[in-house]
Amino acid sequence: QVQLVESGVGLVQPGGSLRLSCAASGSIFSINAMDWYRHAPGKARELVATITSGGSTNYADSVKGRFTISRNNAKNTVYLQMNSLRPEDTAVYYCKLSVVTGPIYRLLEVWGQGTLVTVSS
């Protein structure tokens, strides 16, 4: 089994910053891609950022230049640094990890529990 724990929930003013983290634990052999998604009320779920096992990153156009995804492989943790936050960034943010479990190798997609980010004055 693999568990994910997200942290970083918060209320922040427009223009502010917040860092989310997502830590995985359990029977992990390796972790491939790590993603952050968000889901705002009345909108479709959006892929915000992705980082591969090699460190390559990709971002949604809506967050390019403001958000940075990073990972610490030793800690099985992915981060999302969010700067210059806007009210339209308000959403529940979810991490999703592609995990290879051990000792029996299986590829699982595991989701975090979600963390609410509210950007408001």
Side-chain angles (χ1 to χ4, degrees):
Q1 294 289 344
V2 177
Q3 299 81 37
L4 302 185
V5 176
E6 295 186 31
S7 61
V9 61
L11 170 64
V12 62
Q13 293 187 340
S17 298
L18 191 64
R19 189 174 86 153
L20 305 181
S21 64
C22 172
S25 62
S27 302
I28 299 170
F29 176 74
S30 64
I31 301 176
N32 296 334
M34 295 176 156
D35 309 317
W36 284 99
Y37 286 79
R38 66 184 180 186
H39 194 183
K43 296 184 179 180
R45 186 175 63 191
E46 178 185 24
L47 175 58
V48 175
T50 297
I51 185 166
T52 68
S53 57
S56 297
T57 59
N58 198 23
Y59 298 92
D61 288 342
S62 57
V63 305
K64 278 181 182 176
R66 300 188 298 122
F67 290 13
T68 302
I69 188 171
S70 61
R71 61 192 287 167
N72 184 325
N73 292 326
K75 295 183 178 181
N76 291 331
T77 300
V78 60
Y79 305 96
L80 186 67
Q81 177 66 45
M82 303 184 291
N83 299 328
S84 302
L85 283 161
R86 305 166 180 169
E88 54 264 38
D89 295 318
T90 295
V92 177
Y93 285 72
Y94 299 89
C95 59
K96 182 173 76 74
L97 276 54
S98 296
V99 179
V100 178
T101 63
I104 299 174
Y105 295 158
R106 290 191 302 163
L107 179 62
L108 299 178
E109 289 193 342
V110 187
W111 289 82
Q113 80 275 14
T115 184
L116 177 62
V117 173
T118 303
V119 184
S120 175
S121 55

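Distance alone, capped at 3.5 Å, is enough to place a donor-acceptor pair between the Gln113 side chain and the Glu6 backbone. The backbone N or O of Ala33 lies less than 3.5 Å from no partner atom in the side chain of Arg71, so there is not a single donor-acceptor pair. Judged purely by atom type and a 3.5 angstrom limit, Tyr59 uses its side chain to pair as donor or acceptor with the backbone of Ile69.
Using a 4.5 Å heavy-atom threshold, the side chains of Ser98 and Glu109 count as touching.
Side-chain contact check for Ser7 and Ser21: at least one donor-acceptor pair (N or O, by modelled atom type) lies under 3.5 Å. A side-chain donor from one of Ser62 and Glu46 sits under 3.5 Å from a side-chain acceptor of the other.
Aromatic ring centres of Tyr105 and Phe29: separated by under 6.0 Å.
In this pair, Tyr93 and Phe67 present their aromatic rings tilted. The plane angle is within the 30 to 60° band.
When all heavy atoms of Thr90 and Val119 are compared, the pair lying nearest together is OG1-N, 2.9 Å. What you find for Met34 and Val78 is that their closest heavy atoms are SD-CB, 3.4 Å. Between Ser17 and Asn83, the shortest heavy-atom distance links the atoms OG-OD1, 2.9 Å. Here the closest heavy-atom approach between residue Leu4 and residue Ala24 is recorded as CD2-CB, 3.3 Å. Contact between Thr115 and Gly8 at its shortest, heavy atoms only, is OG1-C, 4.1 Å. When all heavy atoms of Leu20 and Met82 are compared, the pair lying nearest together is CG-CE, 3.7 Å.
Summarising the geometry, atom CG belonging to Asp89 is positioned 12.5 Å from atom OG belonging to Ser120; distances are rounded to the nearest 0.5 Å. For the atom pair OG (Ser25) and CG (Asn76), the distance works out to 8.5 Å, reported to the nearest 0.5 Å. Atom OG1 in Thr50 sits 8.0 Å away from atom NZ in Lys96 (nearest 0.5 Å). How far CD of Gln3 is from OG of Ser27: 8.0 Å, rounded to the nearest 0.5 Å. Distance check, rounded to the nearest 0.5 Å: CD1 of Ile31 to CD1 of Ile51 gives 11.5 Å.
Residues satisfying the salt bridge (charged side-chain N to carboxylate O under 4.0 Å, His left out) test with Arg106, not counting sequence neighbours, are none.
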